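In this text, all values refer to a predicted model and were calculated from it rather than measured experimentally.
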Amino acid sequence: MSMNADESAPVWVLLRGLARESGHWGAFPNVLEPALQSQQPGARLLMLDLPGNGVLNQVASPLRVSDMVEFCRQELRGRGVLGPVHVLAMSLGAMVASEWARRYPEEIRAGVLINTSFRPFSPFYRRLRPLNYLSFFLLSLSRLSNRQREAKVLGMTTRLQREPEVVLDQWVALRNQRPVGLRNTARQLWAAMQFEASGLQPVPPMLLLCSKADGLVDWRCSQAISRAWGAPLRLHAQAGHDLPLDDGPWVAQAVQDWLEWRRLNGVADGSWH
């Protein structure tokens, strides 16, 4: 990819996780954008839905994370984004970001990976706490109402919601507008289970964020990736799996602090040190 026309305005691509769409970021983008712009003037956000989710809910989800990468690349080209981008992604989206950085390192300036896990760094029972993921999948088979289903997902993925009914209203509206089918949920889960990252440190620099109270993915998975790659790790003591929803300001501040540290230490964009 060639450089953006305006190199002073970095693009940050946001990717969500399993069976979630860009609408599930909620108010987080409004919190993140000014934090980014404090270190990168003019920075803008671009939220992508993975195939099978959101506006692409009628598209078959790829069975391989690598195919999700190719979709994201094509989508950026279609939107006229021709230069290297930053990526902030969680869960399955973070797997996509990791594979993107491995295959096309020149296309990624830096990545922020939130509550993710992948082989070969952690055992299966830590990567995908089986009973919780099975419960998540079985919700698609249940006869519960959309609100009951989303309430259970909220309970599984968050810990710090002060107004859960407000979030539920938003999530139910998203499900009614753009439901993710059982088949696509299964295909995404399969892709996540099959994915294996490179054991080598990525070329683009990475920041890892994780939640100690994550009920879907053990926080030690992020710790293992951090140790293997030599990547900085920030740990939230109380948030659940959906860290940007539970404490968006904390995430934004963590990213801002990282960018500021890099700037103050004269670390070139796209470099680790």
**Asked** Looking only at heavy atoms, what is the nearest atom pair of D269 and H86, with distance?
**Response** OD1-NE2, 3.7 Å

**Request:** Return yes if some donor-acceptor pair links the side-chain N/O of E33 with the main-chain N/O of N30 below 3.5 Å, else return no.
**Result:** no

**Request:** Could you tell me which non-hydrogen atom of F118 sits nearest to which non-hydrogen atom of A94, and how far apart they are?
**Result:** CE2-O, 4.4 Å

**Message:** How long is the straight-line distance from CD of Q37 back to CD of Q256, given to the nearest 0.5 Å?
**Reply:** 11.0 Å

**Request:** Measure from the side-chain N and O atoms of N184 to the backbone N and O of V59, and report whether any donor-acceptor pair falls under 3.5 Å.
**Result:** yes

**Asked** If we ignore angles and hydrogens, is there a donor and acceptor under 3.5 Å between the side chains of T158 and D242?
**Response** no

**Request:** Following the transitive rule for hydrophobic clusters with a side-chain heavy-atom cut-off under 4.5 Å over Ile, Leu, Val, Met, Phe, Trp and Tyr, establish whether V112 and L208 coincide in one cluster.
**Result:** no

**Salt bridge R16-D49, side-chain N to carboxylate O under 4.0 Å** = no

**Asked** Is any side-chain heavy atom of D218 closer than 4.5 Å to a side-chain heavy atom of S117?
**Response** no

**Asked** What do the steps show when you test D257 against R234 for side chain to side chain contact (heavy atoms under 4.5 Å, CB included), and what is the final call?
**Response** CA-CA 11 Å; D257 289 347; R234 293 283 297 271; 3.7 Å; yes

**Item:** S226 (side chain) donor-acceptor with A231 (main chain) under 3.5 angstrom
**Value:** yes

**Request:** Please answer whether the main-chain N or O of S91 pairs with a side-chain N or O of T116 as donor and acceptor at a distance below 3.5 Å.
**Result:** yes

**Least distance between heavy atoms, L15 atom then C72 atom** = CD2-SG, 4.1 Å

**Within-4.5 Å side-chain heavy-atom neighbours: W229 and S98** = yes

**Message:** What I want to find out is whether R159 reaches D246 closely enough, with some N-O distance under 4.0 Å, to be called a salt bridge.
**Reply:** no

**Prompt:** Can you check whether L76 reaches L46 side chain to side chain, under 4.5 Å on heavy atoms?
**Reply:** yes

**Asked** Any chance CZ of R263 has more than 12 other-residue heavy atoms, nucleotides or ligands included, within less than 6.0 Å?
**Response** yes

**Prompt:** Under 3.5 Å, side chain of T185 to main-chain N/O of A19, donor-acceptor pair present?
**Reply:** no

**Asked** After noting the C-alpha distance and the side-chain angles of L50 and L56, does the key distance pass the side chain to side chain contact (heavy atoms under 4.5 Å, CB included) rule?
**Response** CA-CA 7 Å; L50 295 176; L56 303 172; over 6 Å; no

**Item:** Pairwise side-chain contact, E107 with V85, heavy-atom cut-off 4.5 Å (strictly under)
**Value:** no

**Any donor-acceptor N/O pair, N57 side chain to G181 backbone, under 3.5 Å** = no

**Message:** For the OG1 atom of T157 and the CG atom of L18, what is their distance to the nearest 0.5 Å?
**Reply:** 11.0 Å

**Message:** According to a hydrophobic-cluster definition based on side-chain heavy atoms being under 4.5 Å apart (Ile, Leu, Val, Met, Phe, Trp, Tyr only), do L113 and L233 belong together?
**Reply:** yes

**Asked** If Ile, Leu, Val, Met, Phe, Trp and Tyr residues are connected whenever their side-chain heavy atoms lie under 4.5 Å apart, and connections chain through other members, are V203 and V267 in the same group?
**Response** no

**Item:** Intermediate values then yes/no, side chain to side chain contact (heavy atoms under 4.5 Å, CB included), L245 and F28
**Value:** CA-CA 7 Å; L245 181 62; F28 174 66; over 6 Å; no

**Item:** Straight-line distance of F71 CZ to S61 OG, nearest 0.5 Å
**Value:** 10.5 Å

**Message:** Whether the E150 and N146 side chains hold a donor-acceptor pair (N or O, under 3.5 Å, no angle test) is what I'd like checked.
**Reply:** no

**Asked** Should the pair R147-E165 be classified as a salt bridge under the 4.0 Å nitrogen-to-oxygen rule?
**Response** yes

**Request:** Output yes when a side-chain donor or acceptor of W12 lies under 3.5 Å from a complementary backbone atom of M47, and no otherwise.
**Result:** no

**Message:** If hydrophobic clusters are built by linking Ile, Leu, Val, Met, Phe, Trp and Tyr wherever their side-chain heavy atoms come under 4.5 Å apart, do V11 and L48 end up in the same one?
**Reply:** yes

**Request:** Quick one: pull up CD in E70 and CZ in R64 and give me the separation to the nearest 0.5 Å.
**Result:** 9.5 Å

**Item:** Any side-chain heavy-atom pair of L243 and H236 under 4.5 Å
**Value:** yes

**Asked** Less than 4.5 Å apart, any side-chain heavy atom of P244 and any of W25?
**Response** yes

**Prompt:** Out of curiosity, R220 CZ to I225 CD1, how far, rounded to the nearest 0.5 Å?
**Reply:** 14.0 Å

**Prompt:** Closest approach of S211 and W219, non-hydrogen atoms and distance?
**Reply:** O-CB, 3.4 Å

**Fill in**
Result for side-chain hydrogen bond (donor to acceptor under 3.5 Å, both in side chains) between N53 and one of E21, H24, Q188, R20 points to Q188

**Request:** Kindly say whether W250 contributes a backbone atom to a donor-acceptor pair with the side chain of D247 at under 3.5 angstrom?
**Result:** yes

**Message:** Could you tell me if the side chain of V65 sits less than 4.5 Å from the side chain of E196, heavy atoms only?
**Reply:** no

**Cluster overlap W258 with I108, hydrophobic side-chain contacts below 4.5 Å** = no

**Message:** Please check this pair: side chain of S38 against backbone of A35, looking for a donor-acceptor N/O pair closer than 3.5 Å.
**Reply:** yes

**Prompt:** Roughly how far, to the nearest 0.5 Å, is CG of N115 from OG of S222?
**Reply:** 6.0 Å

**Prompt:** Heavy-atom distance under 4.5 Å between the side chains of Q194 and L63, does that happen here?
**Reply:** no

**Prompt:** Where do M206 and P232 come nearest, in terms of heavy atoms and distance?
**Reply:** O-CD, 3.3 Å

**Asked** Any donor and acceptor pair, going by atom type alone, linking the side chain of D214 with main-chain N or O of L216 inside 3.5 Å?
**Response** yes

**Message:** Are more than 12 heavy atoms, taken from residues, nucleotides or ligands other than R103, located less than 6.0 Å from that residue's CZ atom?
**Reply:** yes

**Message:** Is there a side chain to side chain contact (heavy atoms under 4.5 Å, CB included) between V251 and L32? Walk through the geometry before answering.
**Reply:** CA-CA 8 Å; V251 175; L32 177 64; 5.6 Å; no

**Message:** For L92 versus A192, what's the shortest heavy-atom pair and its separation?
**Reply:** CD1-CB, 4.1 Å

**Request:** Please confirm whether R73 makes a cation-pi placement over Y104, using NZ or CZ under 6.0 Å from the six-membered ring centre and within 45° of the ring normal.
**Result:** yes

